[in-house]
Each structure stands twice: as C-alpha cells, then as structure tokens.
Amino acid sequence: MSYAIIGFGNIGQALARAFARKNIDVTVASRRPPEALVPQVRAIGPTVVAKSLQEALEADTIILAVPFGEHREVAKALPNWKGKTVIDAMNAFPVPEELDGLPSSAFVAKGFTGAKLVKGFNHLVAVTLAADPIVEGGHRVDFLSSDDEDAIAPVAALAKQLGFAPVKLGKLNEGGALVHARGRTWGQLIFQDLFKKEQ
Ligand SMILES: NC(=O)c1ccc[n+]([C@@H]2O[C@H](COP(=O)([O-])OP(=O)(O)OC[C@H]3O[C@@H](n4cnc5c(N)ncnc54)[C@H](OP(=O)(O)O)[C@@H]3O)[C@@H](O)[C@H]2O)c1
C-alpha cells in the first residue's frame, strides 16, 4: 500500500505526524511546490516526503485534507480514480447549498469517479489528531463510514497501524451521518475524543 495526504495544513500535518510516529512512508502535497513544504516535512520525520500533487496522486490511498470546496480541484487532477481509495478527512461546515441533501462525503464521492471512498479522520480537531493515539488504557477512536463495505477494511487496517481504534459506522447516510455536518449543526460524534481498550 502507498499513501498520500493532499493538503498540508492543520489536518495534513497532523496525519503526517501519525504516519511518522509509526515509520510509515507517506507522500504529502499541496498547491505550493514540494520544496516549500520541506522545512515542515523535515520537522515531522524521515518517512514523510513532499511531492507535486500529480506525483502524490500515484499513491493507492489518498487522504483528502483540503478545504471542502477544493476537493473538486483535486478530483480534476486525475482523469480516472479507478483502483484508488480516497479517505475523506474533510468537513463541509456550514454545508454548502449544492450538496442537494447528500451527506458531504457522498457528494465528494461523485467527483472521484471509480474510487472507493471512506470517510475518516475528520471528527477530531487537528491538535488532537496530531497527538499520540495510544494512551494509558486505550486507543483513540477513529470513526469510519462508507457506502462501499469492502473499502472500509483496508482503511481500518491503516488506522490500526497508526495506533487508532477504528470503529465502523456503516453507510454514509446511516451511521456515517453521525460524523457529518448537517445544515449548521455537527454530527453528534464530531469532536468526541473517545478511547477503546482494544483496537
Ligand atoms: N482544522 C481542524 O481542526 C479540522 C478538523 C477536522 C477536519 N478538518 C477538515 O480538514 C480539511 C483541512 O483543514 P485544515 O484545517 O487542515 O486546513 P488548512 O490548515 O487551511 O490547510 C489546507 C491545506 O490544503 C491545501 N490545499 C488547498 N487547496 C488545495 C488544492 N486545490 N490542491 C492541493 N492542496 C490544496 C493547502 O495548501 P496551500 O497552503 O498550498 O494552499 C493547505 O496545505 C478541511 O476540509 C476541514 O474541514 C479540519
């Protein structure tokens, strides 16, 4: 498996820290040229490498950590997303009108034709996501949801590798609704910093 994080702001850097903590290779990219990311990348750890967006999108698994409205720009960067897993770590808040009542991740999925999309790593504030998810007595919970049942397992495996305890919520408009912004309200599980004894 190869991994890339698109967006290297608060959430992108928090996730890069999680990969670095476990010595897992990850590519990071933003709109800026890769050289501009190097100082922060170096500060995080040697398994993190900055590349151009196009190069980063060669990874099998792509984590979206850009402002919600920018996901379309990322989607346009590849003609076809077949074979890729996209992890949506974004929150659409407040929800833009054009979502047409869809959960934001279902709306995002429409843009990434052919990809398997899983919502995850979106419900914690960046400073919490950046912290070691293994604490005395447990593993920090990462809620995962997807309309593609098969897509969740590899993302759950990644979450475990990073030290989180994945909790599967099911489909985006069912259990996944708990980790989506709705209108001007947050899903009930957003910002809940929970721990499980076992992964
Ligand atoms: N902040 C939180 O605590 C938090 C918590 C949960 C979820 N989220 C969600 O996570 C996402 C990112 O939030 P953030 O706080 O990390 O934002 P941020 O600090 O503003 O960082 C956004 C990053 O996205 C990059 N970017 C923007 N447009 C791009 C594009 N078209 N292609 C490639 N890279 C692009 C920016 O790159 P440049 O600098 O090169 O422009 C920047 O590195 C948002 O959807 C937010 O809702 C945030």
Side-chain angles (χ1 to χ4, degrees), residues 3-19 26-44 48-59 61-78 81 84 86-96 98-99 102-109 111-112 115 117-131 133 140-145 155 159 162 164 167 169 172 176-194:
Y3 301 102
I5 302 167
I6 309 304
F8 195 54
N10 298 307
I11 289 296
Q13 291 183 37
L15 285 165
R17 277 181 205 287
F19 278 82
V26 67
T27 300
V28 297
S30 79
R31 282 181 293 207
R32 287 169 289 158
E35 306 80 67
L37 310 184
V38 165
Q40 282 138 306
V41 159
R42 287 221 178 109
I44 293 175
V48 184
V49 177
K51 291 192 179 167
S52 68
L53 177 64
Q54 210 60 47
E55 287 173 311
L57 295 181
E58 289 172 15
T61 301
I62 316 279
I63 307 179
L64 297 177
V66 297
F68 184 78
E70 290 296 323
H71 74 267
R72 293 182 192 84
E73 290 304 314
V74 180
K76 276 193 253 167
L78 283 186
W81 287 79
K84 306 272 188 196
V86 171
I87 303 175
D88 179 10
M90 302 178 296
N91 285 317
F93 189 85
V95 175
E98 72 268 25
L99 298 187
L102 285 174
S104 64
S105 292
F107 185 79
V108 170
F112 290 80
L117 185 134
V118 177
K119 189 170 190 68
F121 300 109
N122 70 295
H123 80 277
L124 296 168
V125 291
V127 67
T128 305
L129 190 63
R140 178 167 280 122
V141 166
D142 175 30
F143 293 112
L144 300 175
S145 52
V155 179
L162 297 176
F164 291 86
V167 172
L169 298 177
L172 298 173
L178 296 167
V179 285
H180 271 86
R182 290 274 169 176
R184 292 193 168 269
T185 58
W186 294 101
Q188 294 90 327
L189 292 179
I190 295 186
F191 308 130
Q192 298 284 339
D193 187 16
L194 307 179

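Read the numbers this way: they start at 1 and go in the same order the structure lists the ligands and their atoms. Below, each value reflects all heavy atoms present in this structure, side chains not excepted, and no hydrogens, waters or symmetry copies.
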| ligand 1 versus Glu73: contacting region, heavy-atom distance under 4.0 Å | side chain

| Within the distance-only criterion (no hydrogens, no angle test), does the side chain of Lys84 pair as donor or acceptor with the backbone N or O of Ala59 below 3.5 angstrom? | yes

| field | Heavy-atom proximity to atom 38 (P) of ligand 1, best of Arg72, Arg32, Gln40, His71 | value | Arg32

| request: Considering only non-hydrogen protein atoms, determine which one is nearest to atom 21 (O) of ligand 1 and report residue, atom name and distance to 0.1 Å. | output: Gly9 CA, 3.2 Å

| query | Considering all protein heavy atoms, does one lie under 4.0 Å from atom 8 (N) of ligand 1? | reply | yes

| request: List the closest protein heavy-atom neighbour of atom 31 (N) of ligand 1: residue, atom name, distance to the nearest 0.1 Å. | output: Glu70 OE1, 2.9 Å

| message | Only heavy atoms of Leu124, strictly under 4.0 Å: list the atoms of ligand 1 that pass. | response | 5 (C), 6 (C)

| remark: The protein heavy atom nearest to atom 20 (O) of ligand 1 is Pro67 CG, 4.6 Å

| query | Below 4.5 Å, heavy atoms only, C-beta onward: do Phe19 and Ile5 meet side chain to side chain? | reply | yes

| Relative to the heavy atoms of Val125, which atoms of ligand 1 are at a distance of less than 4.0 Å? | 3 (O)

| task | Would you mind checking which non-hydrogen protein atom is closest to atom 16 (O) of ligand 1, with the distance to 0.1 Å? | result | Ile11 N, 2.8 Å

| Does a donor on one side chain sit under 3.5 Å from an acceptor on the other, for Asp88 and Ser105? | yes

| message | Within the 4.0 Å heavy-atom shell around Phe8, which atoms of ligand 1 are there? | response | 23 (C), 42 (C), 43 (O)

| field | Enumerated ligand 1 atoms positioned under 4.0 Å from heavy atoms of Val66 | value | 11 (C), 12 (C), 24 (O), 26 (N), 29 (C), 34 (N), 35 (C), 44 (C), 45 (O)

| Residue pair Thr27 / Glu55, side-chain heavy-atom distance below 4.5 Å | no

| query | For ligand 1, which atoms, with element, lie under 4.0 Å from some heavy atom of Asn122? | reply | 6 (C), 7 (C)

| message | For residues 63-76, which residue pairs pass the salt bridge (charged side-chain N to carboxylate O under 4.0 Å, His left out) check, not counting sequence neighbours? | response | Arg31-Glu70, Arg72-Glu98, Glu73-Lys76

| Minimum heavy-atom distance Ile44-Gln13, with the two atoms named | CD1-O, 4.0 Å

| Contact partition for Ala89 relative to ligand 1, non-hydrogen atoms under 4.0 Å | backbone

| field | Residue, atom name and distance, where the atom is the protein heavy atom closest to atom 30 (C) of ligand 1 | value | Arg31 CG, 3.5 Å

| field | Asn91 side-chain N/O to Asn122 backbone N/O, donor-acceptor pair under 3.5 Å | value | yes

| remark: the protein heavy atom lying closest to atom 3 (O) of ligand 1 turns out to be Ala126 N, 2.9 Å

| query | Between Trp186 and Phe93, what is the ring plane arrangement, given parallel below 30°, perpendicular above 60°, and tilted in between? | reply | parallel

| request: For Phe68, take its heavy atoms, then give the atoms of ligand 1 lying under 4.0 Å from any of them. | output: 45 (O)

| query | Do Leu129 and Phe121 touch side chain to side chain, with heavy atoms closer than 4.5 Å? | reply | yes

| field | Val179 versus Leu189, closest heavy-atom pair with distance | value | CG1-CB, 3.9 Å

| query | Tell me, which protein residue and heavy-atom name are nearest atom 36 (C) of ligand 1, and how many Å apart are they? | reply | Ser30 CB, 4.2 Å

| Considering only the protein, which heavy-atom contact is closest to atom 12 (C) of ligand 1, and what is its distance? | Ala65 O, 3.4 Å

